[in-house]
2 protein chains.
Amino acid sequence: MPYTHTHRVLVALDCIIFGFDGEGLNLLLIKRHFEPEYGNWSLMGGFLNEGESLEEAAHRIVYDLTGLDNNYLEQFQTFGAINRDPVERTISVAYYALVNIEDQDVNAIRLHNASWISLHKKPKLIFDHDRMVQEALKRLRTKAALNPIGFELLPGKFTIPQLQKLYEAIYDTKLDRRNFSRKVLSTNLLVGTGEKDMSSQTKKGQLYTLNAPEYVRQQQGNFGFLPELIMADDRTMPLSNT
Amino acid sequence: MPYTHTHRVLVALDCIIFGFDGEGLNLLLIKRHFEPEYGNWSLMGGFLNEGESLEEAAHRIVYDLTGLDNNYLEQFQTFGAINRDPVERTISVAYYALVNIEDQDVNAIRLHNASWISLHKKPKLIFDHDRMVQEALKRLRTKAALNPIGFELLPGKFTIPQLQKLYEAIYDTKLDRRNFSRKVLSTNLLVGTGEKDMSSQTKKGQLYTLNAPEYVRQQQGNFGFLPELIMADDRTMPLSNT
DNA sequence: GCAAAAGTGTTCTTTGTACACCCATGA
DNA sequence: TCATGGGTGTACAAAGAACACTTTTGC
């Protein structure tokens, strides 16, 4: 016997998919080829199906677009303004995902009319998606300052300077090379492979991998690569608009 | 013209209402006098109505129970497991509220069959409400470590030792009196009133009020009263069960 | 050899932490 | 005058930040 309360609404899920290309943070966005808002840019989303939890639906959506199913995926906020979707009352549970851009399924992405777009060049998005991106970035900054999740955006092997570039992108700032290196190594999260980064044109840095057990252990704890409190959540966003 | 997608679900809101009684953190819980789960303990909740945003619905729910409408209220997670509500598929958007226990509307509370219960003595709650409390506390800890929101739980005038007791309750720890005092005063968030706390049996401490403009300014920023990283989110919870 | 980027070390400053001591109050 | 709790100071330890120097590589 169901509840007598009658107001049932559509539940959407929208995913802010972050990728890192070695220089800056990118978003995976789709150019809609369907109504409403045909031709405009949007986050990847979908509706909650029967017999599917929110987590499962979010995974499905990210998997459909990227072909990846082992991403970092975190729910961060639910948006429920009355007219946020002009078609019909819909509430949207928003997730952000961190994906390694090298592992993506290029065909799936092309099929959905999607592109990686630099955060600095983000176009205007439909509905309240601009705000979703802003909130996702805010959350990513707080989270990455306290937990070692940045690695999710990098390939399996990476150099410390590459890791630094990533953090500089997330916080839109410059960090001191020497202090950063010392701080990262002191966490015991990295294991040197002895290999060198052959893509470099100058001195080839050492490639590291994650110390997996230590990584899992520290996922629950807190840490910080960052000097001072860069994680303040009123810092200006590296967005071209909002 | 609505979307063709057909799966529309009930949207509930559940509120974890925190109060501080001078000694420990308390939750405002209701003993249900209706089905399902008649007679069992539950968070205060309700369904989303037509023409009402999520924020508005959460405010309504807290207001109904406490008579207060100027609380700190923050959405923190949406729960959507398939069978989380045995009656019917329902997703629940959870909020936590910080209220000043002295301002409550005692009649409204009695009317709803509600009671303040110490976090340490929390009974088993219905559905997934235990987990909601756990997650709310985790969020409160992180938030209070970075933002000066603790004051929301105190009366307008309070002493520094009272504030310390509050933080000790939130983090279930002991803090050094002298270091705490120095740290708090250095934030410039407090203004001495010159008055003394006449309720004390021994030396009467000075009463302070919030430096309101500074408080608003620092709401967006970050700060920390706490030594070290007490905000680690894997610390044991001061809950009697879960 | 030179420019560019990686790797390592050292100093100074700031912050955190652990204390000791004095003061105000009521019983 | 004693027990309890508030208020202030100081000294040592740890962490953060600034900065100099060396090494590797491609041109």
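Worth knowing before you read on, the calculation uses all heavy atoms, side chains too, and leaves out hydrogens, waters and symmetry mates. Remember, predicted model here, so these are calculated numbers, not experimental data. In what follows, chains are A, B, ... by sequence order, proteins preceding strands, each numbered from 1.
- Note: OH (Tyr208(B)) to P (dG6(D)) measures 12 Å, nearest angstrom.
- Both Arg178(A) and Lys203(A) lie close to DNA chain D; mapped to their nearest nucleotides by heavy-atom distance, the more 5′-ward contact belongs to Arg178(A).
- Across the protein-nucleic acid pair, Asp197(B) atom CG and dT25(C) atom P stand 12 Å apart, rounded to whole Å.
- For the pair Ile160(A) CD1 and dA6(C) P, the computed distance is 11 Å after rounding to whole Å.
- Atom CZ in Phe180(B) sits about 12 Å away from atom P in dG7(D), given to the nearest Å.
- A salt bridge between Glu135(B) and Lys138(B) is present, with a side-chain N of the basic residue lying under 4.0 Å from a carboxylate O of the acidic one.
- Taking only side-chain atoms of Asn179(B), from C-beta outward, the nucleotide of dG7(D), dC19(D), dT17(C) with the closest atom is dT17(C).
- The salt bridge (Lys or Arg N to Asp or Glu O under 4.0 Å) search around Asp176(A) returns Arg178(A), not counting sequence neighbours.
- Gln201(B) has its CD atom 10 Å from the C1' atom of dT4(D), to the nearest Å.
- If you measure from atom CD of Gln206(A) to atom P of dA6(C), you get 13 Å, rounded to the nearest angstrom.
- Distance, Asp176(B) CG to dG6(D) C1': 13 Å, rounded to whole Å.
- Map Thr202(A) and Ser181(A) each onto its nearest nucleotide of DNA chain C; the residue landing nearer the 5' end is Thr202(A).
- Of the charged side-chain nitrogens involved, none lies within less than 4.0 Å of a carboxylate oxygen, so that Lys165(B) and Glu168(B) do not count as a salt-bridged pair.
- For the pair Tyr171(A) (side chain) and Arg141(A) (backbone), a donor-acceptor distance under 3.5 Å is present.
- The distance from atom CZ of Arg182(A) to atom P of dT10(C) is 11 Å, rounded to the nearest whole Å.
- Lys204(A) has a side-chain polar atom (N or O) that falls below the 4.0 Å cut-off from OP1 or OP2 of dG26(D).
- At the phosphate of dA15(D), neither OP1 nor OP2 sits under 4.0 Å from any side-chain N or O atom of Lys183(A).
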